[in-house]
Amino acid sequence: MYTLGIETSCDETGVAIVDRRGHVLSDVIQSQIAIHAPYGGVVPELASRDHLLNIRPVFEQAMAESGLQLSDIDGIAVTCRPGLSGALLVGLQFAKGLAWALNKPLVGVDHLVGHLLAANLTYPGQTDAAPPELPFLALLVSGGHTALYRVDEPNLASMHELGATRDDAAGEAFDKVAKLLGLGYPGGPVVDRLAHEGDPNVIALTRPMPRSDLLEFSFSGIKTQVMRWVNDNGLPGNDATLRNLCAAFQHRVVESLVQKTMIAASREGLSTVVVGGGVAANRGLRERLQRECGAKRLRLVVPHLRACTDNAAMIAYAGSLRLALGQNDGLGVEMSPHSALLSVTKKGRGPRDKHPDKSRDKPRTKS
Ligand code: KG4
Ligand code: ZN
């Protein structure tokens, strides 16, 4: 069974094809970073227009690289939430057209569910790792979301949020600090690289939200700590001080993420930890999670680097699980800027969304 996935929720146009076991046949991404970089964040109107230009060539390349014919595709999965409305609509309309023309089933996928299942993907050349055993604890760390989930089954209704950020997402904090330090957009990869060459103990920053009784995060304060440091000491040049500042910032963010992850795993009695989202590519986070999970005899499952940041393969995989159950949303599938995961899974708390679409007023970081 082959599923074609489409992802256009923010600033990557992606089309991928995966098989039933999560083997990736093709995974094509057209990034819009160069378009949005001058604005320091994603400009929604520019994103939609660029998705329109890119979607067809990206789809054609994904088909060609897969070696399949259109008639081999068994179903189509598309990100229908959360994200920028105009951007989501491009992928959704393209997916509907394809499903109609090919007379194939179509399922809408929550982008966050895609991130939580990305560790199940296997890329060409990668040896098959055992997928994470259920139930598992998932740390989702992206540009728009940072939260811990208990995942009992690989579907939306069985993913329970245990705690989330009260303000900025971890990736957003990386991006804002990078912008403040003049390091460009997106900031995560460059801060990661500089931090690796720096000493986290030279510049003193405090750990965000250290209370061990709360599984919540907060990253706006650490960003302010960096801003104050720059106000007091001046903007560092491209030198050891810049590397030490990046190292101190990253160290504190990683420390907070790992501390809460370990507490959640122990509280929930879970022995497998999965990480997902763009910040899961962070070297410091991967190393520290490895160390602490090792010490506590927990199994850590980290996605392939390509599967951490936004991609269509994770959408195809999450959709393939629904298609395999015979589910089909049909051409009526609707778009929403909000995640269904965040609004329905908090036990005993009714619908809510702490992450409304920020796109209406200013350039934003990713969903
Ligand atoms: O998952 P993603 O591609 O998009 C969202 O759904 O948000 O995550 C993008 C975020 C950006 O904030 C980016 O700066 C961050 O992930 N990121 C990283 C690294 N690579 C990407 N953050 C820290 N270290 C990295 N190596
Ligand atoms: Zn994402």
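Just so you know, these numbers use all the heavy atoms, side chains as well, and skip hydrogens, waters and symmetry mates. Positions are given from 1, in the same order as the sequence printed here. Just so we're clear, the structure is a prediction, and the values are computed from it rather than from any experiment. When a ligand or atom number is given, it counts from 1 through the structure's own listing order.
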With respect to the Zn ion (ligand 2), what is the nearest N, O or S atom of Asp310?
OD1
Minimum non-hydrogen distance to atom 12 (O) of ligand 1, winning option of Asp192, Val279, Asp175, Val177:
Asp175
CD on Glu12 to OG1 on Thr8, rounded to 0.5 Å
11.0 Å
Count I, L, V, M, F, W, Y as connected when their side-chain heavy atoms are under 4.5 Å apart, and connections chain through other members. Are Leu305 and Tyr317 then in the same cluster?
no
Ligand 1 versus Thr309, non-hydrogen atoms closer than 4.0 Å: side chain, backbone, both, neither?
both
salt_bridge(Lys104, Asp74) N-O dist < 4.0 Å:
no
Nearest 0.5 Å, what's the CZ-CD distance between Arg150 and Glu268?
5.0 Å
Among Ala195, Ala173, Gly188, closest by any non-hydrogen atom to atom 25 (C) of ligand 1
Gly188
His115 heavy atoms within 4.0 Å reach ligand 1 at atoms 1 (O), 6 (O)
Distance under 4.0 Å to a non-hydrogen atom of Gly171: what atoms of ligand 1 satisfy this?
12 (O)
Taking only heavy atoms of Ser142 into account, list the atoms of ligand 1 that are under 4.0 Å away from them.
1 (O), 5 (C), 6 (O), 7 (O)
Find all atoms of ligand 1 within a distance of less than 4.0 Å from any non-hydrogen atom belonging to Gly143, and give their numbers and elements.
5 (C), 7 (O), 8 (O), 9 (C), 10 (C), 12 (O)
Positive for salt bridge (charged side-chain N to carboxylate O under 4.0 Å, His left out) with Lys223, one of Asp168, Asp175, Asp167:
Asp168
Nearest 0.5 angstrom please: Leu52 CG to Phe94 CZ, how far?
10.5 Å
Around atom CZ of Arg228, are there more than 12 heavy atoms of other residues, nucleotides or ligands at under 6.0 Å?
no
Of the side chain and backbone of Arg283, name the one, both, or neither that has a heavy atom under 4.0 Å from an atom of ligand 1.
neither
Quick one: do Arg291 and Glu287 make a salt bridge, cutoff under 4.0 Å?
no
Could you check whether the rings of His111 and His115 sit parallel, tilted or perpendicular, using 30° and 60° as the cut-offs?
perpendicular
So does Glu45 pair up with Arg49, basic N to acidic O under 4.0 Å?
no
Work out whether the distance between some heavy atom of Gln250 and some atom of ligand 1 is less than 4.0 Å.
no
For ligand 1, is there an atom lying under 4.0 Å from some heavy atom of Glu12?
no
Look at the N, O or S atoms of His111, main chain and side chain alike, and state whether any lies under 2.8 Å from the Zn ion (ligand 2).
yes
Under-4.0 Å heavy-atom contact with ligand 1, by part of Asp310 that carries it
both
Against heavy atoms of Pro189, which atoms of ligand 1 measure under 4.0 Å?
19 (C), 20 (N), 21 (C), 25 (C), 26 (N)
Please find the N/O/S atom of His115 nearest to the Zn ion (ligand 2) and write down its name.
NE2
Considering the heavy atoms of Gly144, write down every atom of ligand 1 situated less than 4.0 Å from one of them.
7 (O)
Hydrophobic clusters join Ile, Leu, Val, Met, Phe, Trp and Tyr when side-chain heavy atoms are under 4.5 Å apart, directly or via other members; which others share one with Met209?
Leu214
Identity of the nearest option to atom 24 (N) of ligand 1, non-hydrogen atoms only, from Asn282, Asn311, Val190:
Asn282
